[in-house]
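Here the structure is laid out as structure tokens; the discussion comes afterwards.
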Amino acid sequence: MNSELQQEQKRVDGVMETITEEISRLEEETTKRKNEVVHIRKHFWDEVKVNTDTFDDYLETIIGLRQEAQALSVNQSTHRHASKRLSTLRRMNEVPYFGRIDFIEAGDSTEEQIYIGISSLSDTSGENFLIYDWRAPISSVYYDYQPGEAQYITPEGPIEGVLEKKWQYLIRDGILQSMFDTSLTIGDEILQQVLGKGTDKQMHNIVATIQQEQNRIIRHDKGRLLIVHGAAGSGKTSAALQRIAYLLYKYREHLNADQIILFSPNSMFSSYVSNVLPELGEENMQQVTFQQYLVHRLSKEFEVENPYDQLEYVLTATNTPSYRARLEGIRFKASTRFFEAIQSYRQSLELSGLLFKDINFRGKPIITSEQIANRFYSHDTALRFHSRLEKLKDWLIMKLKEIQRDEREKPWVQEEIELLSNEDYHKAHRFLAEKRGFEREAIADYEIEPEALARLIVSQKLKPLRKRVRAFHFVNFRGVYTQLFADPLQIKHWLKGETPAEWTTICQTTVETLDEAKLFYEDATPFLLLKELILGFQTNRSIKHIVVDEAQDYSPFQFEFLRRLFPAARMTVLGDFNQAIFAHASEKVNFNTLTDLYGPDETELINIARSYRSTKPIIEFTRRLVLNGERIIPFERPGERPALIQVTDHVELHSCIASKVTELRSQGFNSIAIICKSAEESIKAYESLSSIEETKLLKSSSIEYEQGVVVIPSYLAKGIEFDAVIIYDASEHVYGDESLRRIFYTACTRAMHDLQLYSVGEPSPFLRKSVQDGFIFKINK
């Protein structure tokens, strides 16, 4: 083995030499191209002779401009590609490759050694590959097969052969530290090493440790919708990010990062995953939260509740009078039944019910809502709904022109003229002169006409109204949505089946909230849908792929909306219904219902059951917290059993937690999370644990995930992992209700290496069986 290691080290040395030479060449290339770009920008107009005296001179000028612009574009593009390749090579300089397969193609007698890394590398001749990109077709053999018969898919069809051996390498800074023949080694040695490490501030790529089921997700290329349902810690998000890198590689001629959107659960999570694609030499896709999209579309009209405020209400307002009705409202408004009811309601507006606003000028209505409604329902009724609105808009613009003519003669116009400042008068003079065709040097000769000035004054005053009309602000969207709830009995016209039991109270609270110009989170997407159905959907066809992470947090209603919003996009959705913590998730719905989005022929569901994040003892405990948890398969990584510590009061609780944090820090853990049920509990815990040095409180407004000791609400920790987790208070008082089982499971599954649960008084009923069966050991203080 030593001789083999020496031989492999010799190869590593040669590859590193090639990488170093290529880095040196590209550094010269990027410097040269950068200087050329700077020179062209600086001397752009020196190189072009501008002459427009004759048509030939004008044509020559245009050609000269185009040539300079083209030269600039070529240099910028070359510099960009060289810089991108340079960044990749610098990463390869640290870890040139991580795997190798010895493959004999069918019909050949000699095996080919294929070395696999984050990007391809050829020798100096350019004819032989030293390293293959992990996304190349042949690299799939490394992830999908053990020695024996194997195949990989190319654009020309499948290539069959025999996989002789498969190796894993651990190379750091050009030194081959170890290598494993995976056909002989039991377990995944490198995966064990990677998972045994501490966490980092950001997620990293997993190309060296991609498992077969993850590779199936990454290279999936059929249909419109891929649904990935996986246990906590199964690598769903990691696989999805490598999937984006794979798609950018495979379709590099037709797809770029700007055409992909990742819907993240929160801004902190976006920061956490932002490093993965750059590590692979790809630009980051667009990242947005669904809430950010809603705020972007609705914040000018409403104060929009965010999903975490809604969840905080669900977790902390159980004793309020309208609590039960609000929960029913959340579930109903998230359903496809309500989606269909809004569609039926919008169709009914073709005959009656569309509300309009007065168009006011100088404090008085100049076109009333009644006049607008009469026009809409008495003219152009044979046209499609959106076309009728367009015609109505044109009619209003024409009416404003008539009003503009009438207003010129009114006394207020003369008063406005007399009150003009010198600066405003000169601006008007210059504008009118240029409009009449006066050259700049002759403007002083123009004598301003009183009628022209009056026309200009009135036109400027009416300009904001014209702008609002063109934007359809004359439609009373808030009133139209409120109409759905104004009479609790009215919705029966559009809704199939029965209304919720608390419908009258739901209607009342919804109307009250809308009257205050506020929008519950559960109303935001329905309101936007109704607005889009009235105006015609503002679809985005430039987006080719969307990825929805933590998909169990989205309602069927929201998925229907996304499908319509991005009609040209394929969709990858990832989630775990055991972590479905939002109120609408208690509706009997699972990912199978999403097949209705594009139909079963265009949809594939992949279940991944193996969990890699936590040690085996932690997974053995957490999988007993949820229904069908026996399907979750723990990765064989040893560790300590979770501990349950029961204390008598909060003073003792805070003392114990402070001592435990000190102990965990001494063990070398970089990230320690004290997870509370809600933001309300987090604030109290943070204030009480102020004696712990450098403790941070993470909120829904936090932009970046931070390491160290953090106090965090359970719902914000979702999607993130920590070296050690402390459940702040796992008592029956805090986690006694069955509806909290999933949020409790989510909190516990954040732990990679160590899990401690504290309970003030009697522990949660979720823990009893695990204590009895020995999957968690209990300590009474």
Does the side-chain contact (heavy atoms from CB on, under 4.5 Å) test come out yes or no for Phe339 and Leu529, once each step is laid out? CA-CA 8 Å; Phe339 191 99; Leu529 172 71; 3.6 Å; yes

Looking only at heavy atoms, what is the nearest atom pair of Tyr715 and Ser678, with distance? CE2-CA, 4.3 Å

Taking the side chain as everything from C-beta on, heavy atoms only, tell me whether Thr695 gets closer than 4.5 Å to Leu689. no

Could you tell me whether the side chain of Leu315 reaches within less than 4.5 Å of the side chain of Ile743, counting heavy atoms only? yes

Judged by modelled atom types alone, do Asp549 and Ser264 share a side-chain donor-acceptor pair under 3.5 Å? no

Would you name the heavy atoms of Ile244 and Met285 that are closest together and state the gap between them? CD1-SD, 3.4 Å

Quick one: does Asp737's side chain have a donor or acceptor within less than 3.5 Å of a partner on Ser739's backbone? yes

Between the side chains of Glu512 and Lys518, is the shortest nitrogen-to-carboxylate-oxygen separation below 4.0 Å, so that they form an ion pair? no

So, do Tyr554 and Phe290 have ring centers that fall under 6.0 Å from each other? yes

Chi angles and distances behind the side-chain contact (heavy atoms from CB on, under 4.5 Å) call for Leu664, Gln667: CA-CA 5 Å; Leu664 291 169; Gln667 292 172 15; 4.1 Å; yes

CG on Leu514 to OG1 on Thr482, rounded to 0.5 Å: 4.0 Å

What closest approach, in Å, do Ser682 and Pro713 show between heavy atoms, and which atom pair accounts for it? OG-N, 3.3 Å

Side-chain donor/acceptor of His229 to backbone N/O of Phe577, under 3.5 Å: yes

Distance-only side-chain donor-acceptor flag, Asp523 / Tyr481, under 3.5 Å: yes

Quick one: does any side-chain atom of Ser234 pair with a main-chain N or O of Ser611 as donor and acceptor, under 3.5 Å? no

Within the side chain of Ser614, is there an N or O that forms a donor-acceptor pair under 3.5 Å with the backbone of Ala751? yes

Any donor-acceptor pair under 3.5 Å linking the side chain of Thr749 with the backbone of Thr746? yes

Pair Asp754, Asp723 - check side-chain contact (heavy atoms from CB on, under 4.5 Å), show working. CA-CA 7 Å; Asp754 196 286; Asp723 290 334; over 6 Å; no

Tyr728 and His654: CA distance, side-chain angles, deciding distance, side-chain contact (heavy atoms from CB on, under 4.5 Å) verdict: CA-CA 9 Å; Tyr728 176 72; His654 300 139; 2.7 Å; yes

For the residue pair Ile727 and Leu755, establish whether any side-chain heavy-atom pair is separated by less than 4.5 Å. yes

Non-hydrogen atoms of Tyr308 and Pro265 that approach each other most closely: OH-O, 2.9 Å

Using a distance-only test with no angle check, is there a side-chain donor-acceptor pair under 3.5 angstrom linking Arg741 and Tyr745? no

Heavy-atom side-chain proximity of Tyr293 to Leu565 below 4.5 angstrom: yes

Looking only at side-chain N and O atoms, does Gln552 offer a donor or acceptor that is under 3.5 Å from a partner on Glu550? yes

Ignoring hydrogens and geometry beyond distance, is a side-chain donor-acceptor pair present between Thr316 and Glu312 at under 3.5 Å? no

Hey, what's the ring geometry for Phe527 with Phe302, parallel, tilted or perpendicular (30° and 60° as the breaks)? perpendicular

Applying the side-chain hydrogen bond (donor to acceptor under 3.5 Å, both in side chains) test to His753, which of Glu640, Glu721, Arg637, Arg613 qualifies? Arg637

Any heavy-atom pair between the side chains of Leu625 and Asn578 that's under 4.5 Å? no

Heavy atoms only: give me the nearest Pro642-Pro617 pair and the separation to one decimal. CD-O, 3.8 Å

Inter-residue atom distance Glu301.CD - Leu528.CG, 0.5 Å rounding: 10.0 Å

Quick check with a 6.0 Å cut-off and a 45 degree axis cone: is Arg326 positioned over the face of Phe520's six-membered ring? yes

ring-ring contact (aromatic ring centres under 6.0 Å, His included) between Phe744 and Tyr735, worked out: CA-CA 7 Å; Phe744 185 72; Tyr735 290 103; 4.8 Å; yes

Does any N or O in the side chain of Arg624 come within less than 3.5 Å of the main-chain N or O of Gly629, such that one atom is a donor and the other an acceptor? no

N/O donor-acceptor pair under 3.5 Å between Lys236 side chain and Ala231 backbone: yes

Donor-acceptor check, side chain of Glu303 to backbone of Leu519, threshold 3.5 angstrom: yes or no? no

pair Ile712-Cys676: side-chain heavy atoms closer than 4.5 Å: no

Tell me, yes or no, whether the heavy-atom count around Gln286 atom CD, taken from other residues, nucleotides or ligands under 6.0 Å, exceeds 12. yes

Supply the atom-to-atom distance Gln558 CD to Asp553 CG, rounded to the nearest 0.5 angstrom. 9.5 Å

Closer than 3.5 angstrom, by distance alone: can the side chain of Arg641 be matched with the main-chain N or O of Gly774 as a donor-acceptor pair? yes

Tell me, yes or no, whether the heavy-atom count around His733 atom NE2, taken from other residues, nucleotides or ligands under 6.0 Å, exceeds 12. no

Quick one: are Lys718 and Ile581 in side-chain contact, heavy atoms under 4.5 Å? yes

Ring-face cation contact, Tyr758 with Lys778, 6.0 Å cut, 45° max: no

Rounded to the nearest 0.5 Å, what's the gap from NZ on Lys677 to CG on Asp729? Could you check? 9.5 Å

With ring centroids as reference points, do Tyr323 and Tyr313 lie under 6.0 angstrom apart? yes

Nearest heavy-atom approach of Val709 to Arg665 is CG2-NH2, 3.4 Å

What do you reckon, is CD of Glu694 surrounded by more than 12 foreign heavy atoms closer than 6.0 Å? no

In terms of the angle between their ring planes, are Phe338 and Phe485 parallel, tilted or perpendicular, with boundaries placed at 30° and 60°? tilted

Kindly confirm or rule out a cation-pi arrangement of Arg610 over Phe635, judged by NZ or CZ under 6.0 Å from the six-membered ring centre and within 45° of its axis? no

Charged N to carboxylate O under 4.0 angstrom, Lys684 versus Glu687? no

For Arg631, does its backbone N or O pair with a side-chain atom of Arg623 as donor and acceptor, under 3.5 Å? no

Only pairs at least two apart or in different chains count here, so list each salt bridge (Lys or Arg N to Asp or Glu O under 4.0 Å) that has a residue in residues 313-324. Arg324-Glu502

Non-hydrogen side-chain atoms of Leu767 and Leu757 separated by less than 4.5 Å: yes

Can you confirm whether Lys769 is buried at NZ, in the sense that more than 12 heavy atoms of other residues, nucleotides or ligands lie under 6.0 Å from that atom? no

Please tell me whether His545 and Thr572 have a donor and an acceptor in their side chains that are separated by less than 3.5 angstrom. yes

As an exercise, state the distance from NZ of Lys660 to CD1 of Ile692, rounded to the nearest 0.5 Å. 12.5 Å

Strictly below 4.0 Å, N to O, side chains only: are Arg331 and Glu328 in salt-bridge contact? no

Between OH of Tyr686 and CD1 of Ile674, what distance do you get to the nearest 0.5 Å? 11.0 Å

